[in-house]
Amino acid sequence: MSFVPPKDDFPILARPVNGKMLAYLDSAASAQKPRVVLDAMTEFATTEYANVHRGVHRLAAVATERYEEARLAVARFINAKHSDEIIFTKGGTESLNLVSYAFLSPRISAGDEIVLTKMEHHSNIVPWHFMRERKRAVLKWVDVREDGSINPSSVAAAITPKTKLVAITHMSNVLGTVNPIKEIVAIAHAKNVPVVVDGAQGAVHEIVDVQDLDADFYAFTGHKLYGPTGIGVLYGKRAHLKTMRPFNGGGEMIAEVAEDKISYAEPPARFEAGTPPIIEAVGLAAAIKYLSGFDRAAVKAHEQDLYEYARAAVGHFRWVRVIGEAPHKGAILSFETLGMHAHDVATILDGEGVACRAGHHCAQVLMERFGVASTTRASFGLYNTRDDVDALITGLEKARSILC
Ligand SMILES: Cc1ncc(COP(=O)(O)O)c(C=O)c1O
């Protein structure tokens with residue numbers, strides 16, 4: 001394998017925690033940050049920081065330049081046609097809420113429908129529930145097949161003349177399933193229905209080309225992408241953004257404010273009220289540069305290798321039931337441990353220096369679909385090694401011996 005996991009780039013992984021090297025298998029919740037990201041943020045805050053857009057002094061100009069450079073870096077990363085199609089938000093969740101409030105809400109009435117899948121994260125469910133509660137819209141759920149995949153023709157079948165939006169994840173944070181977004185967008189567009197894609201996991205593990213996918217909106221988040229917390233991205237087609245009402249109100253999103261009238265700035269400023277996440281934007285740009293410095297296909301192959309190695313190992317445990325075996329899936333391993341509670345398993349793993357997540361993973365509809373209350377989830381990032389998987393397997397054996 002040509003790819004060498006750059007563990008030493010990540011300060012938190014390079015030193016022991018409680019006397020043990022950390023096997024961090026929770027990157028789907030949040031990825032660790034490489035030193036270059038931390039340094040870029042410190043360096044910027046130490047030497048170039050000021051508020052953006054509103055000052056005439058030198059630092060204000062420099063900071064604005066850095067902030068707008070970050071927007072360009074994001075646009076290039078997902079191959080957006082125009083950098084003004086990139087809106088900085090505070091996370092993937094806010095990006096999806098922005099679509100719900102500013103795009104869908106004025107366009108949806110009682111009885112209209114939103115199509116979504118049962119594998120969505122709550123971030124791509126709750127904003128649509130708001131439309132159900134507040135506008136009496138109807139949620140139409142596309143089922144997930146037993147292997148964790150979606151049948152695109154089920155999406156086609158769910159769309160009716162009343163459908164106002166299809167909301168779908170690029171990659172499931174529980175199953176690892178990578179959905180055929182391009183095909184689903186084409187199906188929806190053939191019926192004149194826009195599509196919002198939750199790319200919180202997809203942007204990390206897939207090479208995203210929003211022009212090729214042709215999605216109307218693509219939402220993702222900095223902290224899973226080896227960048228900082230507090231920053232997310234909403235990509236939206238320029239034609240949509242121009243017609244959308246503002247989201248938050250405040251400074252920077254206006255053209256003019258008078259006592260009895262107001263007009264709004266053009267996108268993206270219209271959707272970036274107040275002081276934006278400036279230091280975080282610099283950090284996100286550094287994270288994108290860091291990730292893009294690798295052969296992304298090699299990173300993916302490496303993560304896939306770890307997944308398959310772990311999958312084969314848990315396959316020997318008759319007390320483990322893996323959930324999510326779609327033919328196209330990324331490096332996320334979710335499983336039920338029969339006779340043991342996922343939280344107990346994760347607690348014992350933690351004692352062994354293995355950080356795994358246990359719970360419903362903000363995907364309760366999916367948990368219900370598979371008839372489980374919770375799973376244990378190991379998710380892999382570019383820094384993981386087979387040693388981390390070995391630590392997971394040893395920890396699972398220990399959990400079994402203690403709990404059963
Ligand atoms: C698939 C998916 N969508 C959305 C989110 C929400 O992202 P954030 O917490 O950054 O708002 C997550 C985070 O776990 C996720 O995994």
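Atoms within each ligand, like the ligands themselves, are counted from 1 in listed order. Index from 1, following the sequence. Hydrogens, waters and symmetry mates are skipped; everything else that's a heavy atom, side chains included, is used.
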**Q** Answer yes if the side chains of Tyr218 and His170 hold a donor-acceptor pair under 3.5 Å, and no otherwise.
**A** yes

**Q** Would you kindly check if the NZ (Lys) or CZ (Arg) of Arg270 is within the cone defined by 45 degrees around the ring axis of Tyr264 and under 6.0 Å from the six-membered ring centre?
**A** no

**Q** Just need the protein heavy atom nearest to atom 15 (C) of ligand 1, so name the residue and atom and give the distance.
**A** His121 CD2, 3.3 Å

**Q** Short list, please: which atoms of ligand 1 are under 4.0 Å from a heavy atom of Ala200?
**A** 2 (C), 3 (N), 4 (C), 5 (C), 12 (C), 15 (C)

**Q** Can you tell me which portion of Glu94 lies within the under-4.0 Å heavy-atom range of ligand 1? Options are side chain, backbone, both, or neither.
**A** neither

**Q** Counting from 1, what ligand 1 atoms have a heavy atom of Gly92 closer than 4.0 Å?
**A** 8 (P), 10 (O), 11 (O)

**Q** Do the side chains of Arg71 and Glu272 get close enough for a salt bridge, i.e. N-O under 4.0 angstrom?
**A** yes

**Q** Using the ring pair (Phe, Tyr, Trp, His ring centres under 6.0 Å) rule, take Tyr226 and Tyr383 through it: C-alpha gap first, then chi angles, then the decisive distance, then the call.
**A** CA-CA 10 Å; Tyr226 309 103; Tyr383 33 62; 5.8 Å; yes

**Q** Would you list the atom pairs, donor with acceptor, under 3.5 Å between side chains in residues 393-404 and any protein atom, with sequence neighbours excluded?
**A**
| residue | atom | partner | partner atom | Å |
| --- | --- | --- | --- | --- |
| Thr394 | OG1 | Asp390 | O | 2.8 |
| Lys398 | NZ | Glu352 | OE2 | 2.9 |
| Ser401 | OG | Lys398 | O | 2.8 |

**Q** Among all protein heavy atoms, pick out the one at the shortest distance from atom 14 (O) of ligand 1; state its residue, atom name and that distance to 0.1 Å.
**A** Lys224 NZ, 2.5 Å

**Q** Going by the closest heavy atom to atom 16 (O) of ligand 1, which one wins out of Arg357, His361, Met119, Gln201?
**A** Gln201

**Q** Quick one: does ligand 1 sit under 4.0 Å from the side chain of His223, the backbone, both or neither, non-hydrogen atoms only?
**A** side chain

**Q** Looking only at distances, please establish whether an N/O atom of ligand 1 is found under 3.5 Å from an N/O atom of Ser123.
**A** no

**Q** What is the closest protein heavy atom to atom 4 (C) of ligand 1, and at what distance does it sit?
**A** Asp198 OD2, 3.4 Å

**Q** Check each heavy atom of Thr93 against ligand 1 and say whether those closer than 4.0 Å belong to the side chain, the backbone, both or neither.
**A** both

**Q** Decide whether a cation-pi geometry holds between Arg134 and Phe130; the criteria are a distance under 6.0 Å from NZ or CZ to the six-membered ring centre and an angle within 45° of the ring axis.
**A** yes

**Q** In terms of side-chain geometry, is the basic nitrogen of Asp305 or Arg386 positioned less than 4.0 Å from the acidic oxygen of its partner?
**A** yes

